[in-house]
Amino acid sequence: MTMHHLDWTHAYTARMQGASAAGSRGASRLGHVAASFAADVKAGRLPYLTMPYRAELEKELPLVLERLRSCKHMLLLGIGGSALGARALQKAFSPAQDRPNCTGRCLWIADNIDPDTLDAWLNTLPLKETAVVVVSKSGGTVETMAQYFLVRRRLQQTLGAAWKEHTVLVTDAKAGDLRAEARNESMCSLPVPDYLGGRYSVLSAVGLLPAGFLGIDAKALLDGAASVAAPLLVSESAVRDALAAHPAWHLAVWADELTAHGYSELIFFSYIPLWNYFGAWFSQLWAESLGKDGQGSMPVPAVGVTDQHSVNQMFLDGPRNKGCLFLTSDALPKGEAFGDAAPEKWSRLRDKHFGDLLQAEALGTRMALNKYGVPLVHINMRATDEHAAGKLMELCMTATILAGLIMGINPVDQPAVELGKRLADARLGAPGLTEEQRELEAFTSAAGNPAYRQQF
Ligand code: PA5
């Protein structure tokens with residue numbers, strides 16, 4: 001099995017005063033975290049790690065994909081964790097759609113309220129060759145449900161009774177409006193297992209149905225993830241030692257130490273071009289899981305080399321509040337050799353390949369970050385196939401959970417974001433939200449005061 005590396009050489013700066021995985025708040029909480037982790041595993045509350053759903057999914061997925069065999073397009077309706085994992089996998093392993101003359105299958109991910117784009121898709125996609133996949137764990141997310149209502153009507157108008165054959169619902173096994181729809185309309189559906197909230201669900205039907213549609217190797221993704229989880233799935237008495245030896249624990253402890261020493265932002269700097277969307281996936285995972293009780297660090301996705309020419313100045317010489325996860329691979333394609341395509345003045349390129357430039361710039365930027373005092377963990381992937389991606393995703397999810405346990409917060413809920421949803425519902429006239437209605441009126445009348453309005 002290909003092994004990848006975390007390099008900790010520059011992870012702890014002088015400012016962190018000799019902190020390490022062994023001497024930190026995390027270390028002092030290891031016993032407590034191990035107990036709570038073992039209890040969660042035992043109770044089935046960490047399914048992204050134990051994958052009790054795997055056998056069933058591997059049976060059902062091929063059947064659903066077979067139903068969709070004649071489709072060239074898939075339109076995925078979902079948001080947050082119901083979309084970001086699928087997009088990361090799509091961009092990493094099915095890049096043809098973004099390239100000229102694509103003749104293969106295409107995945108369109110509708111994860112915003114964007115009337116313009118939805119209209120464009122519905123007016124141009126050949127609906128007879130389009131599968132619509134609605135992904136919502138809760139089955140009650142307004143953005144996703146609103147898109148579904150519009151798309152369903154269009155499918156019904158265009159395809160008549162056949163509309164159901166083009167639709168798959170991915171949702172909770174028992175609860176929610178989408179599950180009720182699947183039941184009432186006898187529609188094809190796949191379950192999102194219990195305790196597998198959006199941002200931890202990429203390796204369930206949520207991410208693997210769209211991935212499978214694009215021909216991405218779901219088994220390799222799951223195998224990669226399982227190989228990272230396996231060392232932690234030990235007897236209760238061995239969990240403490242297993243955690244202490246696991247890279248996810250070291251990442252969690254490090255992240256906690258970063259915030260304790262004023263590093264309030266965590267850059268996810270990817271120098272694997274096709275994996276650039278892993279940054280957005282990681283950001284949601286990290287932010288929604290750990291931004292609780294005034295704690296956590298702000299994830300900042302960045303793309304190498306592109307962002308060297310945009311935000312890197314701020315990373316290097318802006319506020320000294322940033323740590324960095326720096327992702328590279330020495331197994332990337334080298335691309336074309338320059339040879340005499342490079343003029344004499346650029347002779348440094350002549351004996352190089354295009355890909356050598358990426359590696360040189362990655363090294364230069366990593367060193368520069370180190371010189372400017374940015375604590376940095378270097379993740380070097382020795383392969384960039386699905387197995388490797390499964391490993392990285394599992395590592396990130398586990399580190400996130402463990403960071404949350406060290407912080408003493410619940411890393412799988414997101415209570416603060418509920419407020420905005422309730423207020424939007426009140427604005428739309430949903431019943432039973434009298435207090436929110438009152439607050440909205442006060443807020444909008446204050447905001448309407450001309451004394452505070454400035455034209456430009
Ligand atoms: O990670 C999460 O739990 C959230 O971002 C959800 O994925 C997002 O809110 C969508 O929820 P649902 O899948 O229930 O529609």
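These figures come from a predicted structure and were not determined experimentally. Along the sequence shown, residues carry numbers from 1.
In this structure, E386 contributes its side chain and D217 its backbone to a donor-acceptor pair below 3.5 Å. Formation of a donor-acceptor pair under 3.5 Å by the K421 side chain with backbone atoms of V417 is not found in this model. Remark: side-chain polar atoms of E143 are not paired, donor with acceptor, to backbone N or O of I79 under 3.5 angstrom. In this structure, R382 contributes its side chain and H5 its backbone to no donor-acceptor pair below 3.5 Å. Panel note: side chain R240, backbone L30; no donor-acceptor pair is recorded below 3.5 Å. Judged by distance alone, with hydrogens and angles left aside, the side-chain atoms of S329 form a donor-acceptor pair with the main-chain N or O of M381 at under 3.5 Å. When atom types are taken as modelled, the side chain of Q147 and the backbone of A110 share a donor-acceptor pair closer than 3.5 angstrom. Judged by distance alone, the side chain of T171 and the main-chain N or O of S136 form a donor-acceptor pair under 3.5 Å. No donor-acceptor distance shorter than 3.5 angstrom exists from the side chain of D293 to the backbone of Q295, with no hydrogens or angles considered. Of the possible polar contacts, none joining the N312 side chain to the H309 backbone as a donor-acceptor pair under 3.5 Å is found.
More than 12 heavy atoms of other residues, nucleotides or ligands shown are found within 6.0 angstrom of CD on E418. Taking a 6.0 Å sphere around NZ of K219, one finds it holds 12 or fewer heavy atoms contributed by other residues, nucleotides or ligands. Residue M298 qualifies as open at atom CE: its count of foreign heavy atoms under 6.0 Å is 12 or below.
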* To do: Kindly determine whether K322 and L369 satisfy side chain to side chain contact (heavy atoms under 4.5 Å, CB included), including the steps that lead there.
  => CA-CA 10 Å; K322 294 166 193 70; L369 286 163; over 6 Å; no
* To do: Any chance you could lay out the salt bridge (charged side-chain N to carboxylate O under 4.0 Å, His left out) test for R54 and D223, step after step, and finish with the verdict?
  => CA-CA 10 Å; R54 180 171 178 174; D223 285 347; 2.7 Å; yes
* Can L6 and L395 be said to form a side chain to side chain contact (heavy atoms under 4.5 Å, CB included), step by step? -> CA-CA 11 Å; L6 296 189; L395 178 69; 4.3 Å; yes
* To do: In sequence, state the C-alpha distance, the side-chain angles, and the governing distance for Y195 and D40, and then conclude on side chain to side chain contact (heavy atoms under 4.5 Å, CB included).
  => CA-CA 10 Å; Y195 297 110; D40 283 346; over 6 Å; no
* Starting from the C-alpha separation in whole Å, work towards a yes-or-no answer on side chain to side chain contact (heavy atoms under 4.5 Å, CB included) for L118 and W108. => CA-CA 10 Å; L118 190 65; W108 309 95; over 6 Å; no
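Between L196 and S204, the closest heavy-atom pair is CD2-CB, 3.5 Å. Closest heavy-atom contact between A83 and G78: CB-O, 3.7 Å. Of all the heavy atoms in L405 and S36, the pair that sits closest is CD2-OG, 3.6 Å. Nearest heavy atoms, C71 versus A131: SG-N, 3.6 Å. Minimum heavy-atom separation, G81 to Q284: N-NE2, 3.2 Å. A pairwise comparison of heavy atoms in M74 and V133 identifies CE-CG2, 3.6 Å as the closest pair.
Screening R25, R29, H261 for a side-chain hydrogen bond (donor to acceptor under 3.5 Å, both in side chains) with D256, the sole residue that qualifies is R25. The only option from L209, V134, V132, V135 that meets the side chain to side chain contact (heavy atoms under 4.5 Å, CB included) definition with V168 turns out to be L209. For the salt bridge (Lys or Arg N to Asp or Glu O under 4.0 Å) with D356, the lone residue among K334, R350, R348 that qualifies is K334.
Atom CG of residue L274 and atom CG of residue N276 lie 7.5 Å apart, to the nearest 0.5 angstrom. The line from CG of L327 to SG of C396 is 8.5 Å long, rounded to the nearest 0.5 Å. How far NZ of K391 is from CE of M3: 4.5 Å, rounded to the nearest 0.5 Å. Atom NE2 of H73 sits about 11.0 Å away from atom CG of L107, to the nearest 0.5 Å. A distance of 5.0 Å separates CG in L49 from CG in L233, rounded to the nearest 0.5 Å. Remark: L122 CG to L75 CG distance equals 6.5 Å, nearest 0.5 Å.
In this structure, W8 has no side chain to side chain donor-acceptor pair (under 3.5 Å) partners at least two apart in sequence or on a different chain.
A 4.5 Å side-chain heavy-atom check between V305 and L357 finds every atom pair outside the cut-off. Taking the side chain as every heavy atom from C-beta outward, L232 and F37 approach each other to under 4.5 Å. Using a 4.5 Å cut-off on side-chain heavy atoms (C-beta onward), T259 and M407 make no contact. Residues Y372 and D317 have side chains in contact (heavy-atom distance under 4.5 Å, counting atoms from C-beta outward). Side-chain contact check for T365 versus F269: some heavy-atom pair is nearer than 4.5 Å. Using a 4.5 Å heavy-atom cutoff, the side chains of E394 and S227 are not in contact. At least one side-chain heavy atom of L57 sits less than 4.5 Å from a side-chain heavy atom of L208. Counting heavy atoms from C-beta outward, Y277 and L89 have side chains that stay 4.5 Å or more apart.
Looking at Y200 and T400, their side chains never bring a donor and an acceptor atom within 3.5 Å of each other. For the residue pair N380/D7, the side-chain donor-acceptor check at 3.5 Å is not satisfied. Side chains of E60 and Y53: no donor on one and acceptor on the other come within 3.5 Å.
With Y263 as the aromatic partner, R15 meets the cation-pi criteria of under 6.0 angstrom to the ring centre and within 45 degrees of the ring axis.
The aromatic rings of W286 and F282 lie parallel to each other, their planes meeting at an angle below 30°, with 60° marking the opposite boundary.
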